[in-house]
There are 2 protein chains.
Amino acid sequence: MARASDSAYARLRSEILSWHLEPGTVLAEVELSSRLGISRTPVREALARLVADGLAEPQGGRGLVVTAVSVENVTELFELRQALEQQAAALAASRRDVAVFRALQDELREVPALLATADPSKQAYYDLVARFDDAVDAAVQNPFLVGALNGVRIHLARMRRLSHDNPARLLEAAREHLLIVDAIVDGDVRLAADATRVHLYRSLQSTLGSLRSETTLTPAAQSSVDEPAAAQPAAAQPAAAEPATAEPATAEPATAQSITESAEQKDVPAR
Amino acid sequence: MARASDSAYARLRSEILSWHLEPGTVLAEVELSSRLGISRTPVREALARLVADGLAEPQGGRGLVVTAVSVENVTELFELRQALEQQAAALAASRRDVAVFRALQDELREVPALLATADPSKQAYYDLVARFDDAVDAAVQNPFLVGALNGVRIHLARMRRLSHDNPARLLEAAREHLLIVDAIVDGDVRLAADATRVHLYRSLQSTLGSLRSETTLTPAAQSSVDEPAAAQPAAAQPAAAEPATAEPATAEPATAQSITESAEQKDVPAR
DNA sequence: GATTCAATCTGTGTATACATTGATTGAACT
DNA sequence: AGTTCAATCAATGTATACACAGATTGAATC
């Protein structure tokens, strides 16, 4: 039988990533222990792991809340993601098992046909991307790097619910992935890193564009959940002069508002 | 009053980083609770945080042990560190507060005089490097990236005890740091990243060289602590063909043996 | 009627008792 | 003498009880 703390962690994490538990939701030990049918001890352990993942954070020194997600968070996360995935792609290109990535080439070339099928969830496509990630993880053979990548992917999974990828974007992304895999098969370290950078740049642009259109559509639903002042006093410095060289993955200044699922506006405690 | 779990975590982490608790040491809850004078509950919380940090890991599904440190770990950690610090330096160059890094320029130029003093611990030098790290963290303004960097620094602190920096290397490192700071002051994103890569490459080479000489001197002391088979079945793939382009931060294949402080060979349980 | 102080109460932090699982040791049988 | 099975033991996993701190609500006073 699995441990109660593991089950609780998996369930809470799933509920946070699926936006069933929205940002700002209070994670009270007693309430969770009764809801999950276990005692407070394993609940505490699960909550500690969520805090370590960055999915929950202390709320004013008393109690935990689900961490917020903002447009700024997306940009920040992509700055970290870019660093990690460029390095991972470069290392994969130098240490890969060629057969594995040749198979991925074949699969990625079939994506247009795969997306032509009537599966609205595009599950097959996302499974293929997950297999690509797994292949890269196995190729880099670096527990530290893979661990950092997994930490990023947790937050990516949560942010994915913010923007809805359109089919055209998925086709583009598949071609970008294919170029990365080509570079890895060829053992071209530089191209693998650069193609990864291109892919992430376009992916971020698509995500931000999707976010901008959605938040513009439902501007009133925001302020009901957000706190007036941001928890982290980040945006103090006015974005100093940025030379037009190899610029980091930044975009034009976006709204600092937190984002919640616009459709299902559940009863979030007033905190 | 501070929480018992926080005190326990800080103390255990300190003891692991200082090699007072060597790799492979069993972290038993009852023994720690009696040694630290607290109950098992806060001890469990502290141990969970150590596992999240990568300083402890499950031992065969029952009990926790302090994680091992090997030469391979050093190389792997630097692969992650390179990705993170290059990105951090690039972002710092585009968002920095110029005054802060001008002050660091002045301090770094005084390092030769600072190292000429008779302080054997070089504490003033390491404090300056810590201030540099803090300035970069503040400049990048990215909680995700800073969090990942802090995770790396924990392991770096532990590995620092493996190799002893000689004064000549410290002087070089200070000049390399100064170049990075110059680039940040100038807002030169590309130079900041490249100078960081240079610094880390030379730092890794120095560390590996120091390790090689030390492990060669005391080859017999190794096998008494190491387990015969490595915990992670990593080194299966025979290091595929690596084109001579922008190579990742790898070195010639080093010994896969775990490393322990050669001098103080304490009573490590036989596990 | 508003403000302040106190009491209660809710929720986290800690301790301890109980349960369960895996290991180890001893004896018995082959 | 070796092997196997069983029993005991030790350590983790879980539950619960207790302590304490902060917040909220009520009443009393100005």
Side-chain angles (χ1 to χ4, degrees), chain A residues 1-13 15-16 21 23-67 227-229 231 267-271, chain B residues 1-13 15-16 21 23-67 227-229 231 267-271:
Chain A
M1 175 183 173
R3 291 184 295 185
S5 61
D6 288 345
S7 311
Y9 168 73
R11 179 164 172 183
L12 289 175
R13 197 181 81 154
E15 290 183 357
I16 292 175
L21 290 174
T25 304
V26 174
L27 298 171
E29 296 177 4
V30 283
E31 180 241 326
L32 290 176
S33 63
S34 66
R35 185 160 74 87
L36 301 178
I38 56 180
S39 78
R40 280 180 53 209
T41 307
V43 168
R44 282 180 70 84
E45 192 157 325
L47 291 178
R49 293 173 67 180
L50 291 176
V51 171
D53 289 339
L55 295 178
E57 63 187 356
Q59 177 201 30
R62 191 164 184 94
L64 297 178
V65 295
V66 178
T67 51
E227 59 268 56
D267 51 337
V268 177
R271 39 197 310 195
Chain B
M1 176 184 174
R3 291 183 296 183
S5 61
D6 288 345
S7 310
Y9 168 73
R11 179 165 171 182
L12 288 176
R13 196 181 81 154
E15 289 182 357
I16 293 175
L21 290 175
T25 305
V26 174
L27 298 172
E29 296 178 4
V30 283
E31 180 241 325
L32 290 176
S33 64
S34 66
R35 185 161 73 87
L36 301 178
I38 58 180
S39 77
R40 279 179 53 209
T41 307
V43 169
R44 281 180 71 83
E45 193 155 327
L47 292 178
R49 292 173 68 179
L50 291 176
V51 171
D53 289 339
L55 294 177
E57 63 186 356
Q59 177 200 31
R62 194 165 184 94
L64 296 178
V65 295
V66 178
T67 52
E227 58 269 54
D267 50 336
V268 177
R271 44 194 310 191

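What you see below is based on every heavy atom in this structure, not just the backbone, and it leaves out hydrogens, waters and symmetry mates. Because the structure is predicted, anything quoted here is derived from the model rather than measured.
Applying the side-chain contact (heavy atoms from CB on, under 4.5 Å) rule to A:R40 yields the partners A:E29, A:V30, A:S33, A:R44; only residues at least two apart in sequence or on another chain are considered. For B:T41, the side-chain contact (heavy atoms from CB on, under 4.5 Å) criterion is met by B:S39, not counting sequence neighbours. For A:R11, the side-chain contact (heavy atoms from CB on, under 4.5 Å) partners at least two apart in sequence or on another chain are A:E15, A:R35, A:L36.
Expressed to the nearest 0.5 Å, how far CG of B:L12 lies from OG1 of B:T25 amounts to 11.0 Å. Going from atom CG of A:L27 over to atom CD1 of A:I16 covers 5.5 Å, rounded to the nearest 0.5 Å.
Nucleotide C:dG11 holds its P atom 12 Å from the CD atom of A:Q59, rounded to whole Å.
Only A:I38, A:S39, A:R40, A:T41, A:P42, listed by number, bring a heavy atom of residues 28-43 of chain A to less than 4.0 angstrom from any atom of DNA chain D.
Side-chain atoms of A:T67 come within 3.5 Å of backbone atoms of A:G54 as a donor-acceptor pair (strictly under, hydrogens ignored).
Contact detail for B:V66 and B:L21: the closest heavy-atom pair is CG1-O, 4.1 Å. Residues A:S5 and A:A46 share a closest heavy-atom pair of O-CB, 3.9 Å.
Side-chain contact between B:L50 and B:L64 is absent, with no heavy atoms from C-beta onward closer than 4.5 Å.
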Handout entry: side-chain contact (heavy atoms from CB on, under 4.5 Å) assessment of A:V43 paired with A:E31
Key = CA-CA 10 Å; A:V43 168; A:E31 180 241 326; over 6 Å; no

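The strand DNA chain C forms stems, runs of 3 or more Watson-Crick or G-U wobble pairs with distances below 3.5 Å, at C:1-30 with D:1-30.
Interface limits on DNA chain D: the 5'-most and 3'-most nucleotides within less than 4.0 Å of chain B heavy atoms are D:dA10 to D:dT14.
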